[in-house]
Asks: 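First, the structure itself, so that you have it in front of you.
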Amino acid sequence: MAMKEKKHVRIYNEVTKEIFEAEIAPKREPAILRGLDIGSAREKWTPEYLAQYGGERTVKVHVCPSGKMDFIHKNFAYKTLPFNQFVKRACEDIHEEYFISPVEKYYLRSLGDDPRKDISDITVQFPSLAQDINIPKLYSEDRFFSSVFRISSPQGQLWTHYDIMDNLLIQVTGRKRVVLYSPRDATKLYLNGDKSEVLDIDNPDLSKYPKFAEATPLECFMEPGDVLFIPAMWFHNVISLQFGVAVNVFWRHLDPCYYDNKDTYGNKDLVPATRAMQIMDRAIKALEELPEEYKDFYARRVICKVKDKCYSRKHKNSFDNINGDTKKAE
């Protein structure tokens, strides 16, 4: 089965807040925003500069023997390093000092001071470096949730996942490849929580993941200074083609009541959605008490009710193709 041809993320130049609000955000599609003023970080943030001004603050990093990280099967280890030592190692191809292997890859996703209570905010955790970067003023300040420092070794690849907030990914240094999938492709990505089980998106095992061939990839290559708008629920797989530094900023684009106020990472499903999934789990457990033919019948009725009441009108026709002909409940 042939994979669908990749489409390209649209590029917008010299975007203002007014253009973003009127022409880009309402489409709810990814967009590269080029030509924005992100400050002096683009020129300043060399490894040497980062190590000097980031200092010896201890950071928790992912260490992986290969670049392709797998969150589901945990093919990496969490290790702690002083920030300046982490930066030195992350830009090396071969390490004299290492945890697992001389060619291991490193990835930092910055955390709050107490990750259980505090969000990641570059102005709090890295105030000296924060002075160098301008966060584009495309959202109202009261919508700000967090700003996350992301640094990766060359060829580091982050698994396909979605976030429940709008995301502005600011690429400061290095080139990055990002492949995205629409929320409407959720049934084709073999999800385990908020993550896809398909690790090799370029050469997937279609005998194991046949529906993945029907998902439509949207691809872009980010240059230093680019800002990628990733709307909430869009799946994204990120590959650092070079040693790369980025800051991604999450924004609550919905009313705050929809978000879990104990979520410091910004990746827990919306409160009503979590409640609905819990109810569905109980419904499935109840249906499993029935004989096979009754279970099948009532499962189909439940699916039809979800389709009629909840599925987007403009995409309702694709519902029947979620699994080809609707599968029997098992």
Asks: If you round to the nearest 0.5 Å, how far is CG of D37 from CD1 of I133?
Replies: 10.5 Å
Asks: What's the separation between atom CG in N248 and atom CG in N167, rounded to the nearest 0.5 Å?
Replies: 4.5 Å
Asks: Give a yes or no on whether Y298 atom OH has more than 12 heavy-atom contacts from other residues, nucleotides or ligands under 6.0 Å away.
Replies: no
Asks: Could you tell me if K60 sits above the aromatic ring of Y78, with its cationic atom closer than 6.0 Å to the ring centre and no more than 45 degrees from the axis?
Replies: yes
Asks: Stepwise, does the ring-ring contact (aromatic ring centres under 6.0 Å, His included) test hold for F212 with Y181?
Replies: CA-CA 11 Å; F212 187 75; Y181 299 91; 5.7 Å; yes
Asks: Determine whether the side chains of D269 and Y162 contain a donor N or O and an acceptor N or O closer than 3.5 Å.
Replies: yes
Asks: Using modelled atom types and a 3.5 Å cut-off, is there a donor and acceptor pairing between side-chain atoms of D260 and backbone atoms of K268?
Replies: no
Asks: Is the shortest side-chain N to carboxylate O distance from D185 to K4 below 4.0 Å?
Replies: no
Asks: As an exercise, state the distance from CG of L158 to CG of D70, rounded to the nearest 0.5 Å.
Replies: 11.0 Å
Asks: Does S153 use its side chain to pair, donor to acceptor, with the backbone of G156 at less than 3.5 Å?
Replies: no
Asks: Any idea which heavy atoms bring F71 and K195 closest together, and the distance?
Replies: CD2-CE, 3.0 Å
Asks: Salt bridge between E214 and K211, side-chain N to carboxylate O under 4.0 Å?
Replies: yes
Asks: Could you tell me whether R116 and D114 make a salt bridge, using a distance below 4.0 angstrom between a side-chain N and a carboxylate O?
Replies: yes
Asks: Given 3.5 Å as the limit, does a donor-acceptor pair link the side chain of D205 with the main chain of Y209, or not?
Replies: no
Asks: How close do H95 and R89 get, counting heavy atoms only, and between which atoms?
Replies: CE1-O, 3.0 Å
Asks: Mind running salt bridge (Lys or Arg N to Asp or Glu O under 4.0 Å) on K295 and E292 for me, showing each step along the way?
Replies: CA-CA 5 Å; K295 179 171 62 175; E292 184 68 25; 3.6 Å; yes
Asks: Mark yes when over 12 heavy atoms from residues, nucleotides or ligands other than K74 sit less than 6.0 Å from its NZ; otherwise mark no.
Replies: yes
Asks: Mind checking whether R275 and P272 have side chains closer than 4.5 Å, heavy atoms only?
Replies: yes
Asks: Assess the side chains of Y53 and D132: does a donor N or O sit below 3.5 Å from an acceptor N or O?
Replies: no
Asks: Between S140 and D142 (side chain of the first, backbone of the second, donor and acceptor by atom type, cut-off under 3.5 Å), is there such a pair?
Replies: no
Asks: Could you check whether any side-chain N or O of Q52 sits under 3.5 Å from a backbone N or O of E48, counting only pairs where one atom can act as donor and the other as acceptor?
Replies: no
Asks: Please examine the side chains of F297 and R301, heavy atoms only from C-beta on, and report whether any two atoms are closer than 4.5 Å.
Replies: yes
Asks: Any idea how F83 and F126 line up, ring-wise: parallel (<30°), tilted (30 to 60°), or perpendicular (>60°)?
Replies: tilted
Asks: Answer yes when D281 and K285 have at least one side-chain N-carboxylate O distance shorter than 4.0 Å, and no when they do not.
Replies: no
Asks: Apply salt bridge (Lys or Arg N to Asp or Glu O under 4.0 Å) to residues D166 and R28 and explain how you reach the verdict.
Replies: CA-CA 9 Å; D166 280 3; R28 309 304 298 160; 2.7 Å; yes
Asks: Which residue in the set Y106, F99, W159 passes ring pair (Phe, Tyr, Trp, His ring centres under 6.0 Å) when paired with F76?
Replies: W159
Asks: Is there a donor-acceptor pair under 3.5 Å between the side chain of Q85 and the backbone N or O of V87?
Replies: no
Asks: State whether the number of non-hydrogen atoms from other residues, nucleotides or ligands found under 6.0 Å of I279 atom CD1 is greater than 12.
Replies: yes
Asks: Closest approach of A246 and L169, non-hydrogen atoms and distance?
Replies: CB-CD1, 3.9 Å
Asks: Who are the ring-ring contact (aromatic ring centres under 6.0 Å, His included) partners of F86, not counting sequence neighbours?
Replies: none
Asks: Any salt bridge between K7 and E219, counting N to O under 4.0 Å?
Replies: no
Asks: Examine the side chains of T58 and T80 and answer whether a donor and an acceptor come within less than 3.5 Å of each other.
Replies: no
Asks: Hey, do the aromatic rings of F229 and Y12 have their centres closer than 6.0 Å?
Replies: no
Asks: Given the rule in the ring-ring contact (aromatic ring centres under 6.0 Å, His included) test, do W45 and F149 qualify, once you have shown the distances and angles that lead to the verdict?
Replies: CA-CA 12 Å; W45 283 7; F149 215 171; 5.4 Å; yes
Asks: Once you round to the nearest 0.5 Å, how far does NE2 of H161 lie from CG of N237?
Replies: 9.0 Å
Asks: Are W234 and V238 connected into the same hydrophobic cluster when the rule is that any two of I, L, V, M, F, W, Y join if their side-chain heavy atoms are below 4.5 Å apart?
Replies: yes
Asks: Looking at I122 and S147, what are the two nearest heavy atoms and their distance?
Replies: N-OG, 2.9 Å
Asks: Take atom CD in Q242; do more than 12 heavy atoms of anything else shown fall under 6.0 Å from it?
Replies: yes
Asks: Work out which heavy atom in P65 is nearest to a heavy atom in I100; give both atom names and the distance.
Replies: CG-CG2, 4.0 Å
Asks: Are the side chain of Q155 and the backbone of L241 linked by a donor-acceptor contact shorter than 3.5 Å?
Replies: yes
Asks: Could you tell me whether E141 atom CD has more than 12 heavy atoms of other residues or ligands within 6.0 Å of it?
Replies: no
Asks: Can you name the closest pair of heavy atoms from P217 and V179 and give their distance?
Replies: CB-CG1, 3.8 Å
Asks: So with a 6.0 Å cut-off around CE of M3, is the heavy-atom count from everything else above 12?
Replies: yes
Asks: Say you draw a straight line from CD of E97 to NZ of K88; how long is it, rounded to the nearest 0.5 Å?
Replies: 6.5 Å
Asks: On the 0 to 90° scale, with breaks at 30° and 60°, tag the Y107-H62 ring pair as parallel, tilted or perpendicular.
Replies: tilted
Asks: May I ask you to decide if M165's main-chain N or O and D163's side chain share a donor-acceptor pair within less than 3.5 Å?
Replies: no
